[in-house]
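Data block below; observations after.
Residue numbering restarts at 1 for every chain, and letters A, B, ... go by the order of the sequence lines.
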Number of protein chains: 2
Amino acid sequence: MNDSSSGPPAMRSDARRNYERLLRIAEDAFAKQGVNASLTEIAKRADVGIGTLYRHFPTREALLEAVLRDRFDTLSSQGREMGETYAPEDALLNWLRLVIAELSRFRGLAVSITACLDGMSPELAAACGGLRKTAEDLLTRARLDEAVRDEVTVSDVLRFVNAIALVTEQSPQPAGEADRMLALLMNGFRRPD
Amino acid sequence: MNDSSSGPPAMRSDARRNYERLLRIAEDAFAKQGVNASLTEIAKRADVGIGTLYRHFPTREALLEAVLRDRFDTLSSQGREMGETYAPEDALLNWLRLVIAELSRFRGLAVSITACLDGMSPELAAACGGLRKTAEDLLTRARLDEAVRDEVTVSDVLRFVNAIALVTEQSPQPAGEADRMLALLMNGFRRPD
DNA sequence: ACCTGAACACCGTTCAAGT
DNA sequence: ACCTGAACACCGTTCAAGT
């Protein structure tokens, strides 16, 4: 909490180097092999003992969370911008598109995020919290604008978006499919009148 | 193909016993541990050498497919019944509810099915084919009844249904959540007028 | 024709030993 | 304070040897 805005935590310089190398290699591995990429191999590719990986990131989720943090932060701020520049419904739609793109970056990521939406996997809770807050803002605005039914909750939205990413990620044209599904979904969210 | 309706394939009686034991144990294991349950343990619990498991089921998907076959068949015939007894839209809705319930039986099943909808995992193709055909019939009827937009494809429907199962399966009240999401979805499918 | 299980290559995770 | 890597328990998969 105190180090989230006050810059990098204090570390011995070799430790810091290892930490960053691990992060870089892990991102690449997750992108190429999915979120279940071999930790042993990540350590090896980072020229680091496996124990060092575990010291910095006690669980796979901790490592994943670290890799995700930056991206998720920019996702949130993009959401805020959109809220200011677009009409409520478009803001929501466009932002959700970005979220889906992000969730599709690593195979299996959407599953992990779903798990954390459901309360498991406390490691990713911070990452999800940010998303949830942004989604809440955009959804509320859309609701006030009468563009979305009252019964639709933030959980609904996030769950669906995860679902779309999940089910699209192996499809031949992920982005196209995802867009179509998202459009159908927003149509479902809209009020009947 | 020739043995799908002409009864069980010819096997030595001990082989047949092993085959069925494996099937029973595997179903239980998949239900309890998800579709990635340890094959080694399944073989052990079935009192069978691991090689025997591989002889009968060369891949995990083959085993899964065998476990699923019966259930998926009854799912298809239930779909046909519903097509005859309910109004087109209700038939589709109610059948999709059943599909979701089935996909939620094993953790991770929806992911596997999605993979096979997308053309990977040929092992499960047969199982998916049945689902697809039934979905096609029900969807066509709903379309003719003008209850569903023209652009909605079978793939859309199945993908969404998978998505719902997937994203619901770890939720606190899976069935309730799934129903809500399915309702929203059908709302999105409906024509604007 | 079918079964067995040892063998191999891999992985996650821990922890005593080092600097 | 941090790093290392051997050690342990597990898994998937193959295949030579058995009946």
Would you mind telling me which residue lines up with the more 5' stretch of DNA chain C, B:Thr52 or B:Arg12, judged by nearest nucleotide? B:Arg12
5'-most by nearest nucleotide on DNA chain C - A:Asn36 or A:Gly51: A:Asn36
Look through every strand shown and name the nucleotide pairing with D:dC15 as Watson-Crick or G-U wobble, where both distances are under 3.5 Å. C:dG5
Of the options [options], whose atoms approach the side-chain atoms of [X] most closely?
{"X": "B:Arg60", "options": "C:dC2, D:dG12, C:dT13", "value": "D:dG12"}
{"X": "B:Arg55", "options": "C:dT13, C:dA1, D:dT13", "value": "C:dA1"}
{"X": "A:Val48", "options": "D:dT4, D:dC2, D:dT13", "value": "D:dT4"}
{"X": "A:Asp14", "options": "C:dC11, C:dC3, D:dC3", "value": "D:dC3"}
{"X": "B:Ile50", "options": "C:dC3, C:dG5, D:dC3", "value": "C:dG5"}
{"X": "A:Tyr54", "options": "D:dC2, C:dG12, C:dC3", "value": "C:dG12"}

[X] side-chain N/O to [N] phosphate OP1/OP2 under 4.0 Å:
{"X": "A:Asn18", "N": "D:dC3", "value": "yes"}
{"X": "B:Thr40", "N": "D:dC11", "value": "no"}
{"X": "A:His56", "N": "D:dC3", "value": "yes"}

Please give, in whole Å, the distance from [N] [atom2] to [X] [atom1]?
{"X": "A:Arg21", "N": "D:dC2", "atom1": "CZ", "atom2": "C1'", "result": "15 Å"}
{"X": "B:Ile42", "N": "D:dC11", "atom1": "CD1", "atom2": "C1'", "result": "12 Å"}
{"X": "A:Leu64", "N": "C:dG12", "atom1": "CG", "atom2": "C1'", "result": "16 Å"}
{"X": "B:Asp47", "N": "C:dC2", "atom1": "CG", "atom2": "P", "result": "20 Å"}
{"X": "A:Gln33", "N": "C:dC10", "atom1": "CD", "atom2": "P", "result": "14 Å"}
{"X": "A:Phe57", "N": "C:dT13", "atom1": "CZ", "atom2": "C1'", "result": "17 Å"}
{"X": "A:Leu63", "N": "C:dG12", "atom1": "CG", "atom2": "C1'", "result": "14 Å"}
{"X": "B:Arg17", "N": "C:dT4", "atom1": "CZ", "atom2": "C1'", "result": "15 Å"}

Which residue pairs pass the salt bridge (charged side-chain N to carboxylate O under 4.0 Å, His left out) test with at least one member in residues 80-94 of chain A, sequence neighbours excluded?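 Output for this query lists A:Glu89-A:Arg190.
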Parallel, tilted or perpendicular for B:Phe160 and A:Phe160, by the 30°/60° rule? perpendicular
Within the 4.5 Å heavy-atom criterion, are [X] and [Y] side-chain neighbours or not?
{"X": "A:Asp73", "Y": "A:Ser77", "result": "no"}
{"X": "B:Phe57", "Y": "B:Leu23", "result": "yes"}
{"X": "A:Asp28", "Y": "A:Arg45", "result": "yes"}

Describe the nucleic acid contact of B:Ser38 in one word from base, sugar-phosphate, nothing, applying a heavy-atom distance below 4.0 Å.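 If one applies the 4.0 Å heavy-atom cut-off, B:Ser38 turns out to touch the sugar-phosphate alone, with no base involved.
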State whether a side-chain donor-acceptor pair under 3.5 Å links A:Asn162 with A:Arg159. no
